[in-house]
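Below is one structure; the comments refer to it alone.
What you see is a predicted model; the values in this text were computed from it and never measured. Only this structure's heavy atoms are used, side chains among them; waters, hydrogens and symmetry mates stay out.
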Amino acid sequence: MLLSTFQKELIEAGCDEAGRGCLAGPVYAAAVIFPSDYSNPLLNDSKQLSEKKRMALRPIIEQEALAFAVASVSAAEIDQINILNASYLAMHRALDQLSTKADFIIVDGNRFKTYHQVPHTCIVKGDGKYLSIAAASILAKTYRDEYMDGIALDFPQYDWLSNKGYPTIKHRNAVLAYGSCIHHRKTFKITEPQLKLF
């Protein structure tokens, strides 16, 4: 069972991102504030849930959260400021959009750029420990997947409906064969897939 909050005194938002390791598309992030006594046994790290379960949980999260927001940073912006800074920026943009402002932030991972002097704590594998981070991971993942499904229709050669922009062997081979497109991150190196068996 995931924990409701890291601390009880301040209004707490959980943050997470999706798409950091992709070759194409934006990086997405979400911020979620739940009531301090919130409970939902179905919530978990988005990577541990099927697409069907993530999509079923999304409207529940949006209905039961005190506040939530989803934001993105484009591939062009990622190329300008690098993916680490883009991940921070996406989370900051999500926090900016919250209808209730956070007084404390918990973030999945081990690094974060301070947001307007609001205290924060980084939690490794936090999306499997705290409900708000798990919810943020689900929102970021589902909104990003929908975006990638949309642009996949115009670029079927990259198989984004299946890989969502991640560097699968098929995706890397497609970039090597057809070149990159406007949605690819130009600063991400495309290496030839290693198909040798060891």
Spell out, as yes or no, whether a donor-acceptor pair under 3.5 Å connects the side chain of Arg185 to the backbone of Ile78. no
Minimal heavy-atom distance between His116 and Asp96, with the atoms involved, is NE2-OD1, 3.9 Å
So does Lys189 have more than 12 non-hydrogen atoms from other groups sitting under 6.0 Å from NZ? no
Have a look at Ile11 and tell me which of Ile33, Leu66, Ile105 forms a side-chain contact (heavy atoms from CB on, under 4.5 Å) with it. Ile33
Quick one: are Lys113 and Tyr115 in side-chain contact, heavy atoms under 4.5 Å? no
Compare every heavy atom of Asp127 with every heavy atom of Ala134, then report the nearest pair and how far apart it is. CB-O, 3.3 Å
Are Tyr130 and Tyr38 connected into the same hydrophobic cluster when the rule is that any two of I, L, V, M, F, W, Y join if their side-chain heavy atoms are below 4.5 Å apart? no
Please determine if Arg144 forms a cation-pi arrangement with Tyr147, meaning its NZ or CZ atom is less than 6.0 Å from the six-membered ring centre and no more than 45° off the ring axis. no
Could you check whether Trp160 and His183, counting side-chain N and O atoms only, form a donor-acceptor pair closer than 3.5 Å? no
Output, in order, the C-alpha distance, side-chain angles, deciding distance and verdict of ring-ring contact (aromatic ring centres under 6.0 Å, His included) for Phe6 and His120. CA-CA 10 Å; Phe6 180 80; His120 70 266; over 10 Å; no
Heavy-atom side-chain proximity of Val175 to His184 below 4.5 angstrom: yes
State yes or no: do Ile133 and Leu10 share one hydrophobic cluster built from I, L, V, M, F, W and Y residues joined by side-chain heavy-atom distances below 4.5 Å, directly or via other members? yes
Could you tell me the separation between the NZ atom of Lys170 and the CG atom of Asp159, rounded to the nearest 0.5 Å? 4.0 Å
Do Ile106 and Val118 belong to the same hydrophobic cluster, where Ile, Leu, Val, Met, Phe, Trp and Tyr are linked whenever their side-chain heavy atoms lie under 4.5 Å apart, directly or via other members? no
Walk me through it: do Leu84 and Arg20 pass the test side chain to side chain contact (heavy atoms under 4.5 Å, CB included)? CA-CA 8 Å; Leu84 182 61; Arg20 187 168 160 178; 3.3 Å; yes
Can you check whether Lys129 reaches Ile123 side chain to side chain, under 4.5 Å on heavy atoms? yes
Min side-chain heavy-atom separation His171-Leu23 under 4.5 Å: yes
Sidechain-backbone polar pair: Ser137 side chain, Ser46 backbone, donor-acceptor under 3.5 Å: yes
When you look at Ile169 and Arg172, which way does the side chain to side chain contact (heavy atoms under 4.5 Å, CB included) test go after all the steps? CA-CA 5 Å; Ile169 289 175; Arg172 284 184 286 162; 3.8 Å; yes
Val73 side chain reached by Pro26 side chain, heavy atoms, under 4.5 Å: no
Within the 4.5 Å heavy-atom criterion, are Lys141 and Tyr28 side-chain neighbours or not? no
Decide yes or no for Ile190 and Ser180: does some side-chain heavy atom of the first lie under 4.5 Å from some side-chain heavy atom of the second? no
Check Ala31 against Cys15 and note the closest heavy-atom contact, atom names and distance. CB-SG, 3.8 Å
Is the backbone N or O of Thr187 less than 3.5 Å from a side-chain atom of Asp79, with the two atoms forming a donor-acceptor pair by type? yes
Separation of Arg54 CZ from Asp145 CG (nearest 0.5 Å): 6.0 Å
Any chain of hydrophobic side-chain contacts (each under 4.5 Å) joining Val32 to Leu49? yes
Donor-acceptor contact present, side-chain Thr114 to main-chain Gln117, <3.5 Å: no
From Glu17 CD over to Ile83 CD1, what is the distance, rounded to the nearest 0.5 angstrom? 7.5 Å
Does the side chain of Met1 reach to within under 4.5 Å of the side chain of Ser39, using non-hydrogen atoms? yes
For residues Phe34 and Phe104: do they belong to one hydrophobic cluster (side chain heavy atoms under 4.5 Å, members Ile, Leu, Val, Met, Phe, Trp, Tyr)? no
Could you give the distance from CG (Asp37) to NZ (Lys8), rounded to the nearest 0.5 Å? 7.0 Å
Would you find a donor on one side and an acceptor on the other, under 3.5 Å apart, between the side chain of Arg58 and the backbone of Leu139? no
Find the distance between CD1 (Ile151) and NZ (Lys164) and round it off to the nearest 0.5 Å. 10.5 Å
Nearest 0.5 Å please: distance from the CG atom of Leu42 over to the CG atom of Leu131. 10.5 Å
Short side-chain to backbone donor-acceptor contact, Glu64 and Ile61, under 3.5 Å: no
Keeping the roles fixed (side chain from Asn163, backbone from Tyr158), state whether a donor-acceptor pair exists under 3.5 Å. yes
